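Presented below is the structure to which this report refers.
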Amino acid sequence: MKRLYFVLIIIFLVSGCSQNTSTFDLPENQGVSSDRLDRIDSYLNKAIKDNQIPGAVALIRRNNKIIYNKAFGYSDVENKIMYSTDDVFRIASMTKAVTSLAVLMLWEEGEFNLDDPIEKYIPEFKDLKVLTDFNETDSTYLSKPAENKISIRHLLTHTSGIGYGVHDEDARFKAIYKKQGIVDLFTTDSIDIESNVKKLAQLPLHHEPGEAFTYGESLDVLGYFIEVISQKSLDVFFKERIFDPLEMNDTYFYLPTTHQDRLVPVQTKRDGFWTKYQGDFYDTNYPVKGAKTFLSGGAGLSSTTADYSNFLQMFLNKGSFNDKQILGKKTVELVYVNQNSHIPDSTFGLTFGLVSEKDQALGGKGSVGTLYWAGYFNTYIFADPTEELIGIIYLQIRDDTSYLISNEFKSLVFHSLIN
């Protein structure tokens, strides 16, 4: 019976992960308990049964071996379509790490210094202002000249002072950005990042550059910056320099016809039932329809769990992937260094959030220096360099409590380690 079990596991690993060229192995061979991994199955199946989520796709990779790759529940509850391990998801803000990687690659080539002011390459950022007062009746505002310049490092670490429009926690900036026609993400309109970034450069900042962590369109600015430096469109640069070398064959800004039927819909719960989400300020079908001109470096990509595991594996491999050196060893080491140590409760490297000693002490979050990030439609990743461990869980929903799923998944993955 035990022999049959292992045969079935091998069949599952080979068939379930056929879209990726990584090596597959039994969990026990990589110091992971199969019995403890079963707890993930039980947890996700219960979450589906309890109607907390419609389904999910999860992948675990240790020592560069995929040991777990499973799909649960429905990608489309209304039409009874099951999730599959090769489904394509909108990864939204997980795009930011890809853009950051591209910046680091160009930095290694000597194109600029990380502390160069962005105005050196995008002159529209020359005369920066900081918001001082706001009129709610007509969205007019007052500002003062900024004392500091926005550097490339500020943009990489979300300390530039640039915010988001619709997503901004500050209602003043929501109104200012809306009035000026700033596009956050997910648009089907005929807009390019150059025009959007140049308009953004004229608007006030939340605070002095480098003073605080403010989540916003910094990586969209860097997306255009990459185009300026490389003299290539962002999608072409990503494909040639990142996706092809990392064998990320299912990752795109806008999906080709060969991939469109693999894109899962976004779902939301309405009156207790999961239904397709239409979006309140965007079209969720942006990867397959519309003008397809807005290459958002902050949120534009769609991808699979297997593809993103390749991306993360490169960082765990000290910058290499299948004998291709994407980043230098010392640059990767810098990725794990907190760039925001001067800002309370902000632990962020040059590409991802980082698990701090305080986080580690809470339990279930991994080793100090573990990389992590998430996307707007509830995709989540982590990569622990100490344990050589990657965990990915993709949902495609709009729901305020779904972050609990990714937190518990992460904890269960770490509980499964036995060696």
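Nothing fancy with the numbering, it's 1 onward along the sequence. All figures in this text were calculated on a predicted structure; none of them were measured in a lab.
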Less than 3.5 Å apart, any donor N or O on the side chain of Asp307 or Tyr252 sitting next to an acceptor on the other? no
Let's go through Tyr215 and Tyr164 carefully: what are the C-alpha distance in whole Å and the side-chain angles of both, what is the deciding distance for ring pair (Phe, Tyr, Trp, His ring centres under 6.0 Å) to 0.1 Å, and is it a yes or a no? CA-CA 7 Å; Tyr215 199 57; Tyr164 259 131; 5.7 Å; yes
Residue from Thr159, Thr157, Asn340 passing side-chain hydrogen bond (donor to acceptor under 3.5 Å, both in side chains) with Ser346: Asn340
Ignoring hydrogens and geometry beyond distance, is a side-chain donor-acceptor pair present between Trp107 and Asn113 at under 3.5 Å? no
Are a donor atom and an acceptor atom from the side chains of Asn310 and Arg61 found within less than 3.5 Å of each other? yes
Lys/Arg-Asp/Glu bridge criterion (N-O < 4.0 Å) met for Lys149, Glu119: yes
Between Glu247 and Asn322: side-chain donor-acceptor atoms closer than 3.5 Å: yes
Does a salt bridge link Lys70 with Asp41, judged by any charged N lying under 4.0 Å from a carboxylate O? yes
What distance do Ile182 atom CD1 and Asn196 atom CG have between them, rounded to the nearest 0.5 Å? 5.0 Å
Side chains of Thr293 and Asp192, donor plus acceptor under 3.5 Å: no
Can a donor-acceptor pair be found between the side chains of Asp184 and His167 at a distance below 3.5 Å? no
Any chance the rings of Phe294 and Tyr286 have centres within less than 6.0 Å? no
Will you find, in the side chains of Ser303 and Thr251, an N or O donor that is under 3.5 Å from an N or O acceptor? yes
Using a strict threshold of under 4.0 Å (side-chain N to carboxylate O), is an ion pair present between Glu227 and Lys232? no
No-hydrogen, no-angle side-chain donor-acceptor test under 3.5 Å, Ser367 and Glu387: no
Does the side chain of Ser93 come under 3.5 Å of the side chain of Lys96 through a donor N or O and an acceptor N or O? yes
For Tyr394 and Tyr308, run ring pair (Phe, Tyr, Trp, His ring centres under 6.0 Å): C-alpha distance rounded to whole Å, both residues' side-chain angles, the deciding distance at 0.1 Å, then the answer. CA-CA 11 Å; Tyr394 281 5; Tyr308 213 86; 7.1 Å; no
Does a side-chain N-to-carboxylate-O contact under 4.0 Å join Asp87 and Arg262? no
Quick one: does NZ or CZ of Arg398 land under 6.0 Å from the six-membered ring centre of Tyr376, within 45 degrees of the ring axis? yes
Does this structure show an ion pair linking Glu108 with Lys330, if we count only N-O contacts that are shorter than 4.0 Å? no
Determine whether the aromatic ring centres of Phe225 and Phe125 lie less than 6.0 Å apart. no
Looking at Asp168 and Lys174, does any basic side-chain N land under 4.0 Å from a carboxylate oxygen? no
Lys65 and Phe24: side chain to side chain contact (heavy atoms under 4.5 Å, CB included), yes or no, with the steps? CA-CA 5 Å; Lys65 306 289 194 301; Phe24 313 111; over 6 Å; no
